[in-house]
Trainee: 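Okay, handing you the structure first.
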Amino acid sequence: DAMVIQNPRYQVTQFGKPVTLSCSQTLNHNVMYWYQQKSSQAPKLLFHYYDKDFNNEADTPDNFQSRRPNTSFCFLDIRSPGLGDAAMYLCATSRGGTGKGYGYTFGSGTRLTVV
Amino acid sequence: DQQVKQNSPSLSVQEGRISILNCDYTNSMFDYFLWYKKYPAEGPTFLISISSIKDKNEDGRFTVFLNKSAKHLSLHIVPSQPGDSAVYFCAASDPTGANNLFFGTGTRLTVIP
């Protein structure tokens with residue numbers, strides 16, 4: 001089945017220690033997104049890749065970076081995690097402009113704990 | 001600034017009755033509206049969408065209504081089933097080619113058997 005896979009499902013990292021979350025897709029969608037969701041809040045878009053073009057949201061902290069080495073994979077790097085970065089991180093894909101109305105396909109998320 | 005709002009954090013409904021989940025938005029440029037369903041420990045899954053040029057879209061037990069003048073949409077589930085118990089997110093698509101979605105904070109629906 002075509003899908004979006006996030007690894008790991010749960011990640012515990014130390015305060016200030018760099019951490020990388022990964023996302024892969026078999027849908028061949030050209031857009032990949034990273035969202036941060038904290039408890040009882042709306043998912044918040046951090047950035048997205050439209051093909052190889054990186055688009056950062058204006059209020060995404062510099063502490064968050066992303067890489068997309070190919071169509072299938074996208075990584076979220078948190079350079080120096082703080083306690084406030086503990087959240088669920090959701091990866092999603094879409095077909096971009098031609099896929100409006102079909103929504104995103106989400107992965108199951110990675111729950112990040114910072115200790 | 002929250003462009004998509006779901007003002008009811010939770011809703012409880014008896015099995016077999018209608019569930020109505022509401023959503024308001026502020027940006028009149030949104031061109032698609034979507035509902036997602038999320039179970040615990042899983043990512044959101046796409047449920048149903050509606051184009052801004054329509055006022056109703058139906059898919060089985062799920063119907064979405066759009067009132068553009070009021071900037072309001074609602075999701076109706078009839079009849080409600082216990083398996084519908086989940087968090088429902090309303091989302092709106094901006095008109096750029098990247099299909100960025102803006103999400104509401106979600107409504108937790110509990111269907112009581």
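In what follows, every chain begins at residue 1, and chains take the letters A, B, ... in the order their sequences are listed. The structure presented is a predicted model; accordingly, all values stated were derived computationally and were not measured. The figures here come from the full heavy-atom set of this structure, side chains too, leaving out hydrogens, waters and symmetry mates.
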Trainee: What part of A:R111 gets within 4.5 angstrom of chain B, counting heavy atoms only: side chain, backbone, both, or neither?
Mentor: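 Neither part, no heavy atoms under 4.5 Å.
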Trainee: When you check the gap from the basic side-chain N to the acidic O, do A:K44 and A:D59 get nearer than 4.0 Å?
Mentor: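 Here A:K44 pairs with A:D59 in a salt bridge, since their nearest N and O are under 4.0 Å apart.
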Trainee: Just give me the residue among A:G109, A:P43, A:C91 that pairs up with chain B most often, heavy atom to heavy atom, under 4.5 Å.
Mentor: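 The option with the most such pairs is A:P43.
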Trainee: Do B:D84 and B:R61 sit within salt-bridge range, that is, some charged N less than 4.0 Å from a carboxylate O?
Mentor: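 Looking at B:D84 and B:R61, the cut-off is met.
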Trainee: Would one find more than 12 heavy atoms of other residues, nucleotides or ligands at under 6.0 Å from atom CZ of A:R9?
Mentor: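 Yes, CZ of A:R9 has more than 12 neighbouring heavy atoms, counting only those of other groups under 6.0 Å.
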Trainee: At a 4.5 Å cut-off on heavy atoms, which part of A:Q6 comes close to chain B: side chain, backbone, both, or neither?
Mentor: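 Contact with chain B involves no heavy atom of A:Q6 at all.
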Trainee: Would you say A:C23 and A:C74 have SG atoms less than 2.5 angstrom apart?
Mentor: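 The answer is no, since A:C74 and A:C23 keep their SG atoms 2.5 Å or more apart.
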